[in-house]
Amino acid sequence: ATSLSLAWLLLDLQMVFTSEQRAMRFPPWSILVFVKHPAQVGSVVIFLGYDGRSYVRRVKAIHECGPALQTVGDLPGAPDDQPLYSADGSANWLDP
């Protein structure tokens, strides 16, 4: 517990509980731990969608002019993530 508390403070850890399998291969009721660092293509990130829900997705592309990125699910037939970026679905990039 002490090591986890120390890592939480020093590494800026974020823990996420998944309750359903929607677009990623993580089984329902998984516990995921994220360390804050710059996103890279292929890395897994968590973001808050316009609807207020948290989403765990893989980075598909990073905008060349800033920190904006695009995400994608791992499961075959996963829905497009673009509608999660803005209320009207018009945003092409997620601004973290």
Side-chain angles (χ1 to χ4, degrees):
T2 303
S3 297
L4 183 59
S5 298
L6 185 59
W8 206 280
L9 290 171
L10 297 176
L11 299 175
D12 198 11
L13 296 180
Q14 183 174 3
M15 195 169 355
V16 177
F17 299 96
T18 62
S19 60
E20 57 185 311
Q21 188 178 40
R22 299 179 63 192
M24 298 297 285
R25 297 186 187 277
F26 308 112
W29 305 109
S30 294
I31 299 173
L32 309 172
V33 177
F34 289 86
V35 178
K36 187 173 181 161
H37 63 84
Q40 299 175 355
V41 173
S43 63
V44 176
V45 297
I46 181 172
F47 67 91
L48 193 60
Y50 82 91
D51 58 1
R53 294 181 68 180
S54 293
Y55 293 91
V56 177
R57 297 291 195 273
R58 191 165 305 280
V59 176
K60 175 172 73 171
I62 298 176
H63 197 281
E64 58 194 41
C65 297
L69 49 90
Q70 291 177 334
T71 58
V72 65
D74 282 347
L75 293 176
D80 186 26
D81 284 352
Q82 184 176 342
L84 302 175
Y85 302 160
S86 63
D88 62 2
S90 66
N92 291 323
W93 296 90
L94 175 65
D95 189 13

Minimum heavy-atom separation for S90 to S86, with atom names?
N-OG, 3.2 Å
Do you know the tightest heavy-atom contact between W93 and A68?
CB-CB, 3.7 Å
What's the separation between atom CZ in R25 and atom OG in S30, rounded to the nearest 0.5 Å?
13.5 Å
Identify all side-chain donor-acceptor contacts of residues 74-82 below 3.5 Å with residues at least two apart in sequence or on another chain.
residue, atom, partner, partner atom, Å
D74, OD1, R58, NE, 3.0
D74, OD2, R58, NE, 3.4
D74, OD2, R58, NH2, 3.0
D81, OD1, R57, NE, 3.0
D81, OD2, R57, NE, 3.4
D81, OD2, T71, OG1, 2.7
D81, OD2, V72, N, 3.3
Q82, NE2, G89, O, 3.4
Q82, NE2, A91, O, 3.4
Q82, NE2, N92, OD1, 2.9

Rest of the hydrophobic cluster containing L94 (Ile/Leu/Val/Met/Phe/Trp/Tyr, side-chain heavy atoms under 4.5 Å)?
V41, V45, F47, Y55, V59, I62, L69, L84, Y85
Who else is in Y50's hydrophobic cluster (ILVMFWY, side-chain heavy atoms under 4.5 Å, direct or via others)?
none
Shortest non-hydrogen contact from G52 toward L48:
O-CD1, 3.2 Å
